[in-house]
Amino acid sequence: MLRPQDGPTRERRSLSGLWRLRLDPEGAGRTEGWWRSPLAAAVDIPVPASYNDIFPDVTVRDHVGDAWYQTSTWVPARWAGERIVLRFDAATHRATVWVNDTEVVSHEGGYTPFEADVTAHLLPGAENRITAVVNNELTWESIPPGRIEEHADGRRKQRYFHDFFNYAGLHRPVWLYTTPSTHINDITVTTTFDGTTGVVTYQVDSTGKTDTVLVSLHDASGTEVATATGTTGVLRVPDVHPWAPGDGYLYELRATLRDSTGRLLDDYRQTVGVRTVEARGQQFLINGTPFYFKGFGKHEDAAVRGRGHDDALMVHDFALMEWTGANSFRTSHYPYAEEVLDYADRHGVVVIDETAAVGQNLNIAGGVFASGKQMSTFSPDTIGQAAQRTHLQAIRELVARDKNHPSVVLWSIANEPDNVQPEARDYFTPLAAEARRLDSTRPIAYVNALMGSPDQCAVTDLFDVVLLNRYYGWYFGPDDLATAETELEAELRQWAERHDKPIVITEYGADTYPGLRSTVPSPWTEEYQTELLDVYHRVFDRVDAVVGEQVWHFADFATAPGVFRVDGNKKGVFTRERRPKSAAFSLRTRWRKGD
Ligand code: GCB
């Protein structure tokens, strides 16, 4: 799915800014037709942002149900005759959209874009009303799952099985953009090497049957280095400059569509990083060279804006990651804004790209506690075929959106699902197959929680890389780092013996209250966090199959309230305000060794 862009044949207009918002806990708006007129009793709301923390009002923060967003915008008269598209980069977790009085699109899933051709519904040279009803309910059919408790007094309370707060709203920019009526729909690029020659295979999908597709590839200085014609083809680049970790070198593929007289119909520019990725034996190879992941699990999370995209925060977070010496991160636990992946592409940062399938394990809550008796997560009454369909669609939309990003080296299709019950295999087999069918160039994985030994896991063989979240010394034995060291090493060696796959530890860490200090290892202190990370690092350095370490978490983040969380999850190496805890300095020493 192509991003909107400005160019010789296209123009875009951001609808970011203040919209109007009205919460609708009773769900009246859909029957009363609130899209038909200016929203009554509405307040100003910034887009992009979560609405939850903007107002000092618990009913806004804990709202469950529909939230109506509305704006009106002038559409330039010069757009008459163009095809006009309305695109939402994200609406969490689902939305229906109207342009003036006409319903134009509905979308399920909170973190991938959707759009509609609104040419027939907008008036160029006039002011037009755009209304979106954004719904935040999590159910057994949604990704991620949840359930709603109905109270006797009419209150509805959202429960879910992950710890991060269920922020909602228009989290990313909204766009109006034009394309010519005959236009390029999609571009798919894959890359490999033939010696020192880069081989770029492309496919350009367009609406024009008889038209000619011309493609050229330009290096970073703008010099043309290869050309081809046709909807599919191969571009060869002698002495190619590969995209590599720490070296985000990008070419630009220019695709143009021309009619039989040579007249330009459409023009789209797609960045291309030439690189290969492969899981081979117990190694993870980028451009044929073993790669070791150093970095973090992250969240899109900040004070006030919640999960709303913010360029200032994005650049700051990347700068802090670079300061620690990190070379990678995981988009835990949902696809991040496309701006983030563009930035990672340009700066050579490696990304594990994850769907929003988190919390699919009824034996752990918020990633943490077993209830005792093992129950099956996957059943007709809980996570069943409907959830599986949503999950399949989430995988399709993730790959469709992110397939051309060189920074994305691995698809993670779920975080900590039930992986032991036999039903897990039935659930995941078609999902893994679909991810492979959609993209044969990247390895696939799911993230494993400490629930079963390598022998008990029912799904590892469906995937290429073992991703492990481990909390020895925290949830398991919180005051005994010596035992943590022994148990972690024993378990990792077991994984390495049983499965000939590379292992990345995608979560390890300890909640840490900033400023709490101690001379003896004591949970919640800055010293304990540092020592725990050191213990894990000693073990990683002893087990060859471990090819990566991503600390949980980059920064403290908001969670649902609960007795195990003190004003949020405090496993950040940085506070929520991005101030370093002691562990940030010790990571920097480890990860920048040799710089
Ligand atoms: C996990 C989850 C993550 C939680 C983390 C924790 O295993 O994957 O979402 O935040 O544990 O801190 O409990």
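Just the heavy atoms: all of them, side chains too, but no hydrogens, waters or symmetry mates, feed the values below. Just follow the structure's listing: the first ligand is 1, and inside any ligand the first atom is 1.
- Residue Glu137 forms a salt bridge (charged side-chain N to carboxylate O under 4.0 Å, His left out) with just one option from Arg147, Arg94, Arg156, and that option is Arg156.
- For Val447, no heavy-atom contact with ligand 1 is shorter than 4.0 Å.
- Considering only residues two or more places apart in sequence or on other chains, Glu507 meets the side-chain hydrogen bond (donor to acceptor under 3.5 Å, both in side chains) condition with Arg330, Asn469, Tyr471.
- In the displayed structure, Asp544 atom CG is contacted under 6.0 Å by at most 12 heavy atoms of other residues, nucleotides or ligands.
- Between Lys571 and Asp511 there is a salt bridge, since a side-chain N of the basic residue sits under 4.0 Å from a carboxylate O of the acidic one.
- In Lys570, neither the side chain nor the backbone holds a heavy atom less than 4.0 Å from any atom of ligand 1.
- In summary, the side chains of Tyr334 and Arg307 do present a donor paired with an acceptor at a separation below 3.5 Å, with no hydrogens or angles considered.
- Salt-bridge formation is detected for the pair Arg590/Glu549: a Lys NZ or Arg NE/NH1/NH2 atom is positioned less than 4.0 Å from an Asp or Glu carboxylate oxygen.
- Taking a cut-off of under 4.0 Å to the non-hydrogen atoms of Glu416, the atoms of ligand 1 that pass are 1 (C), 2 (C), 7 (O), 8 (O).
- In summary, the atoms of ligand 1 found under 4.0 Å from a heavy atom of Asn469, numbered by their order in the structure, are 8 (O).
- Contact annotation: for Asp511 versus ligand 1, there are no heavy atoms closer than 4.0 Å.
- Lys501 has no carboxylate O lying under 4.0 Å from a charged side-chain N of Asp464, or vice versa, which leaves the two without a salt bridge.
- In this structure, Phe164 falls outside the shell of residues with a heavy atom less than 4.0 angstrom from ligand 1.
- Within the 4.0 Å heavy-atom criterion, the part of Phe557 lying near ligand 1 is the side chain and not the backbone.
- Residue-ligand proximity, Tyr475 to ligand 1, at heavy-atom distances under 4.0 Å covers atoms 6 (C), 12 (O), 13 (O).
- Across the listed options His333, His299, His162, His333 owns the non-hydrogen atom lying nearest to atom 9 (O) of ligand 1.
- Not a single heavy atom of Arg330 sits under 4.0 Å from any atom of ligand 1.
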